[in-house]
There are 2 protein chains.
Amino acid sequence: MIHEKKRTFNEFAASKGLRSTRQRDIILDVFLSTHQHVSVEELYLKVKASNPGVGQATVYRTLKLFVEAGLAREVLLHDGQTRFEHVMAGEHHDHLVCTGCNAIIEFENETIEKLQDEIATRHGFKIRSHKLEIYGLCASCKG
Amino acid sequence: MIHEKKRTFNEFAASKGLRSTRQRDIILDVFLSTHQHVSVEELYLKVKASNPGVGQATVYRTLKLFVEAGLAREVLLHDGQTRFEHVMAGEHHDHLVCTGCNAIIEFENETIEKLQDEIATRHGFKIRSHKLEIYGLCASCKG
DNA sequence: CGGTAAAATGAAAATGATTATCAAAAGCAG
DNA sequence: CTGCTTTTGATAATCATTTTCATTTTACCG
Ligand SMILES: [Mn+2]
Ligand SMILES: [Mn+2]
Ligand SMILES: [Zn+2]
Ligand SMILES: [Zn+2]
């Protein structure tokens, strides 16, 4: 899948006439090696660990490109930091967020998605995206 | 309802041992006179119009109290500003957000709420709150 | 009523994430 | 290579929100 994503990005870059740079390769590699929901700062530190030359601004810029290319998605939780998660083509999920330990549980629910479509239709609204976040305490934190 | 909310806040203040101040009265009055989804800056300007002495920090501080007291709710959309909306006791709704004209349509859906409970239960998760925002184009902006 | 301790306020500074600037470096078509 | 354009990195700028802290208010007690 990693190779798949690299190809996705290369195709996107080509279609946009973007140049291929060492920095973007590095950032993509590091991003693909992370777990879900990385903050820019976290990613920047990881990148810097192996490649001290890379600037923070470039990490910001490149993550935006990943979103445009469809291989990352912005996740804004309540902690003041934009996070990015991997996205498989066509895949979608929502989040249970534990306010105790910051754990994030992902889930999908087809019925909820359908109900959202119905609601939108009822209001003459054309959905582009949506966000469902459930905040509370996970099994361990409920204790 | 306005009187009701004032009482709610006074009770909250009493229970917390908060002192009663002119500023809080003013800010509550102005807040209750606004429409839904006010930003802090908007509210601050309204307050300043009639009461130039009141500081912005106090508006920030007081809005937090309203949330604690249960008569306001934070709404974080994608525009970099925290907004606050009125909350009636026990009432809840979610949002359709038009990315064209920034209109906000409110809706309630009991089935979605129930499905969320099921999902939480399935994951041993104790829900404290949730947020469902549907982004897209409203009827006018779809054109 | 004053007198006082604690809480609240306002102005200004600090913070922190993100974005803009711009000179220097790198990629690429010819 | 050459020349032109994009990209980069360091740094400054933004902008919403928070913190600080000296001053003002409030609540309470004698
Ligand atoms: Mn996720
Ligand atoms: Mn609302
Ligand atoms: Zn937890
Ligand atoms: Zn619209």
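All figures in this text were calculated on a predicted structure; none of them were measured in a lab.
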Salt-bridge present (A:E74, A:K64; N to O < 4.0 Å): no
Any residue in residues 36-55 of chain B with a heavy atom nearer than 4.0 angstrom to DNA chain C? Just list them by number, or reply none. B:G53, B:V54, B:G55
Which residues in residues 25-32 of chain B have a heavy atom closer than 4.0 Å to any atom of DNA chain C? none
Quick check on [N]: is either OP1 or OP2 less than 4.0 Å from any side-chain nitrogen or oxygen of [X]?
| X | N | answer |
| --- | --- | --- |
| A:R24 | D:dT7 | yes |
| A:R22 | C:dA25 | no |
| B:Q56 | D:dA16 | no |
| B:Q23 | C:dG10 | yes |
| B:T21 | D:dT25 | no |

Inter- and intrachain pairs under side-chain hydrogen bond (donor to acceptor under 3.5 Å, both in side chains), touching residues 133-143 of chain B, at least two apart: B:E133-B:Y135
Minimum side-chain heavy-atom gap B:D94-B:N109 below 4.5 Å: no
Could you check whether A:K64 gets within reach of a base, just the sugar-phosphate, or nothing at all, counting any heavy atom under 4.0 Å? sugar-phosphate
Go through D:dG9, C:dA17, D:dT20 for me and flag the one nearest to the A:Y60 side chain. C:dA17
What nucleotide, of C:dT18, D:dA27, D:dT17, holds the atom closest to the side chain of A:T82? C:dT18
5' precedence on DNA chain C between B:R19 and B:A57 (nearest-nucleotide basis): B:R19
What is the distance from [atom1] of [X] to [atom2] of [N], rounded to the nearest Å?
| X | N | atom1 | atom2 | result |
| --- | --- | --- | --- | --- |
| B:N10 | D:dA27 | CG | P | 11 Å |
| A:F84 | C:dA17 | CZ | P | 14 Å |
| A:L18 | D:dT7 | CG | C1' | 10 Å |

Consider only side-chain N and O atoms of A:E85 and A:H95, and report whether a donor and an acceptor are under 3.5 Å apart. yes
For DNA chain D, whose closest nucleotide is more 5', that of B:R61 or that of B:Q81? B:Q81
Looking only at the aromatic ring of each residue, does the gap between the centers of A:F31 and A:F84 stay below 6.0 angstrom? no
